[in-house]
Amino acid sequence: MGHQELLQPPGTRVVELDIEGMTCASCVNRVEKKLGKLEGVAASVNLPLESAHVTAPEGISDEQLVATVSAAGYTATVRTPPAPADTGGPDEGGTDQDHHMAHGGTASQLRPRLVLAAILTVPVFLVSMVPAFQFPHWGWAAGVLALPVVTWAAWPFHRAAAVNARHLASTMDTLVSIGVTSAYLFSAWQLAADPRMTEHPGMEGMDAGGLYFEVAAVVTTFLLLGRYLEANAKQKAGNALKALLNLGAKDAAVLREGVEYRVPADRLLVGNVLVVRPGEKIATDGVVLDGTSAVDASLVTGESVPVEVGPGSKVTGATINTSGRLLVRATRVGAETTLAQMARLVSQAQTGKAPIARLADRISAVFVPVVLAIAASTFLLWLLAAGPDAGGAGLRQAFTAAVAVLVIACPCALGLATPVGLLTGSGRGAQLGILIKGPQVLEDTRTVDTILLDKTGTVTTGVLAVGSTTAFGAFDEQQVLRLAGAVEAASEHPVARAIAAAAKGIVPARPGSAVDDDGRLPGVDGFRSAPGGGVTGTVEGRQVLAGRTGWLGENGIEPSPAQLEALAEAEAAGATAVWVAVDGVPAGIISLRDTVKEGSAAAVARLKDLGLRPILLTGDNAAVAAQVAAAVGIPPADVYAGVLPEGKVEAVRTLQAAGATVAMAGDGVNDAAALAQADLGIAMGSGTDVAIEAADLTVMGNDLAQVAQAIELSRRTLATIKTNLFWAFFYNAVGIPVAALGLLNPMIAGAAMAASSVLVVANSLRLRSFGK
């Protein structure tokens, strides 16, 4: 479930800590409990981000917080907040995020250990298990080759086990460390006790218990692979924030005493006057002083229709000026801009998300201590049963039985259950265009019951297109569109481009029509444009005007009440309406819409079949939202319109507070914070990088049906992993008692462990047929 933001009571402060050394959910719990014991302190620890969001009284110093985390066995540092003028560029804003993501356990640190383990494990396995590869004294070679694997390569497990042991706790790492070490030391002891046991190929002292160097090496290699894949996903957690920050303009043209100076965006000051030309990003939040234009704000607001701005209009940093030249006075810079605030929303949502413990870790909290106790009891009981007269044979028998318990319990299948199921499921997902970020995502899909669908780019195409044309008087619809398209073709406005594109798609109805036989629009003479108003020009001897109602009035054209009513109906239906007048007479109205994607309605129905409640979320007005919702089958009560980026996060939190488990599907920068806050974030691959990085699932296509397929695949993968875990523990439940009774040779225990691994892999491979 998503974690609600920690409230900050009066007299308290918020401290962000970067924490090294955490490996599982029990580590998170330990840090939270330790910090929580300080009076007035509340902490939310995030495992993937290796960070803690701490609310502490003014009387608690940073040093006390750091010391408390250190006392729990981990290393903490206080994250330094960015300077007020910091816009979060690649050299500034990403520093702290990069810093804490680079702490221990990263993929780059695990890669050399994994590579070494894999290279050495292959010959160890072959020489131990395949007689054809054996040679005189092969046991010594296997021992030498396995030594770096169980020491240096397995060091992350040994270190974590040691940290846990200091605090009288145990995790999967504890069992891995003890199992690997015991298998190696037992084998080395056997080989030292009988140096001749592998003197010849095919020779091994079965009565002595055998050698299990390959068991220690294989377990280490497979579990390192799982840990490497997990770390690889964790390192990407900070990319959403960096991608968001990098959307801003890197520099700006500042006007001083009539002269333009190019300055870095992070040096801008409140009151600076910026020159923004067509096609340029607006560097920071401000107010237009001079000029009129259409601003593409879709990256920030998600609204598909460009916003008309003029003197006095507020503009937002990172939006794009599409047409006229603007002079903008900066009103908010650096950390105060809308873009920076959105970045903080993403960061807070990621930090606030409750850590999800891996299934194996949760079970191992009980399993590991029990196994250790059984192994120790087995050793002592067999030693007592053998009596003082048994000598070395009794000791060997007791040690053999105890090691058999550890080997049969050594979590090879347990360690494989999640990564192999995830690899197979994610591999099949990749073939279907579905990317699953990690095992925690699968747990989220199991309980999701509500899904928020961002309208623009998710349910709709996000591109304006001509929806319909209404003609007045003697004009017909094709004639209105052709004449308007001819004059609009000379404009660079996004609405003009949509009308011109629609006009070019009309097949000429007769020779001499407004569209030439080769599909090109005729030329326009005397073209004149008024940004924010409309365009006019002469097309084939006729004066054509296209634009808003005010533009008609400026040119002395007065629509009739019936024509004004037609305009009102078009706008009430959620369309962007444009007047077209010919020779001073209203000729018609062209309506443009953000079109619904083909297949969106079927996808919504499929989501409902999965037991999900679809809710449409958009920054557009209620009329647009209602029309789209009706087209795809979403009830009016489940439509949230006019929602700003902050409102999207709040919508997720409100639903979560009401008990819903929320999925969010979106594709824009404005969706990133909500994607991070949701229990399950789903990004459309056609969207921005920041949305993809903030999400848990990514569908690479442009089809909403893939969202439903992604949830189905994730649930199937989770079910497979649970089955794997069941069988991994089932063979332990049967094998441990048998081993403790001395009825299981460690070699057979190793074979049983291998068999359980094969079963886990075979079960996982069934996912390859999903969707066929």
Side-chain angles (χ1 to χ4, degrees), residues 1-5 240-241 243-245 247 297-305 307 316-319 337-353 444 448-460 462 594 604 607 612-622 624-626 628-629 632 634 637-658 660-684 686-698 704 707:
M1 295 293 293
H3 176 79
Q4 300 302 310
E5 287 299 315
L241 193 56
L244 178 57
L245 292 167
L247 280 174
S298 59
L299 280 176
V300 176
T301 68
E303 295 188 18
S304 55
V305 180
V307 180
T316 305
T319 57
T337 63
T338 301
L339 184 66
Q341 290 172 356
M342 289 175 64
R344 283 196 291 274
L345 282 174
V346 174
S347 179
Q348 289 169 6
Q350 286 184 333
T351 302
K353 182 178 286 187
D444 295 337
V448 164
D449 52 34
T450 304
I451 181 166
L452 290 173
L453 303 174
D454 178 61
K455 179 187 76 69
T456 306
T458 303
V459 178
T460 65
D594 179 8
V604 168
L607 289 169
L612 301 178
R613 172 194 174 196
I615 294 178
L616 187 68
L617 196 65
T618 178
D620 283 342
N621 61 51
V624 173
V628 172
V632 298
I634 295 177
D638 289 336
V639 177
Y640 296 177
V643 180
L644 298 176
E646 297 85 352
K648 292 185 178 183
V649 178
E650 189 57 37
V652 173
R653 290 175 178 162
T654 300
L655 288 166
Q656 288 172 332
T661 305
V662 182
M664 167 77 186
D667 73 333
V669 173
N670 61 303
D671 303 320
L675 289 170
Q677 174 66 33
D679 299 286
L680 178 69
I682 305 172
M684 307 295 286
S686 58
T688 58
D689 290 341
V690 61
I692 292 172
E693 290 298 337
D696 304 304
L697 278 173
T698 300
L704 187 59
V707 172

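These numbers come from the heavy atoms of this one structure, side chains and all, not from hydrogens, waters or symmetry mates. These figures come from a predicted structure and were not determined experimentally.
V632 has its side chain out of reach of L616: every pair of non-hydrogen atoms, C-beta onward, lies at least 4.5 Å apart. By the 4.5 Å heavy-atom criterion applied to side chains, V604 and L453 are counted as neighbours. Counting heavy atoms from C-beta outward, T654 and Y640 have side chains that stay 4.5 Å or more apart.
Contact record, T450 with A660: OG1-CB, 3.7 Å, taken as the closest heavy-atom pair. In this structure, P614 and I634 approach most closely via the heavy-atom pair O-CG2, 3.8 Å. Nearest heavy atom pair, residue V652 against residue A678, reads CG1-CA, 3.7 Å. Among all heavy-atom pairs drawn from T319 and T316, the shortest one is OG1-O, 2.6 Å. Residues M664 and L675 approach most closely at O-CD2, 3.2 Å, considering heavy atoms.
With sequence neighbours left out, A641 forms a side chain to side chain contact (heavy atoms under 4.5 Å, CB included) with T618, A622, A625. For D638, the salt bridge (Lys or Arg N to Asp or Glu O under 4.0 Å) partners at least two apart in sequence or on another chain are R613.
Of the residues listed (V662, I615, I682), the one engaging I451 in a side-chain contact (heavy atoms from CB on, under 4.5 Å) is I682, and it is the only one.
Atom CG in L617 sits 6.5 Å away from atom CG in D454 (nearest 0.5 Å).
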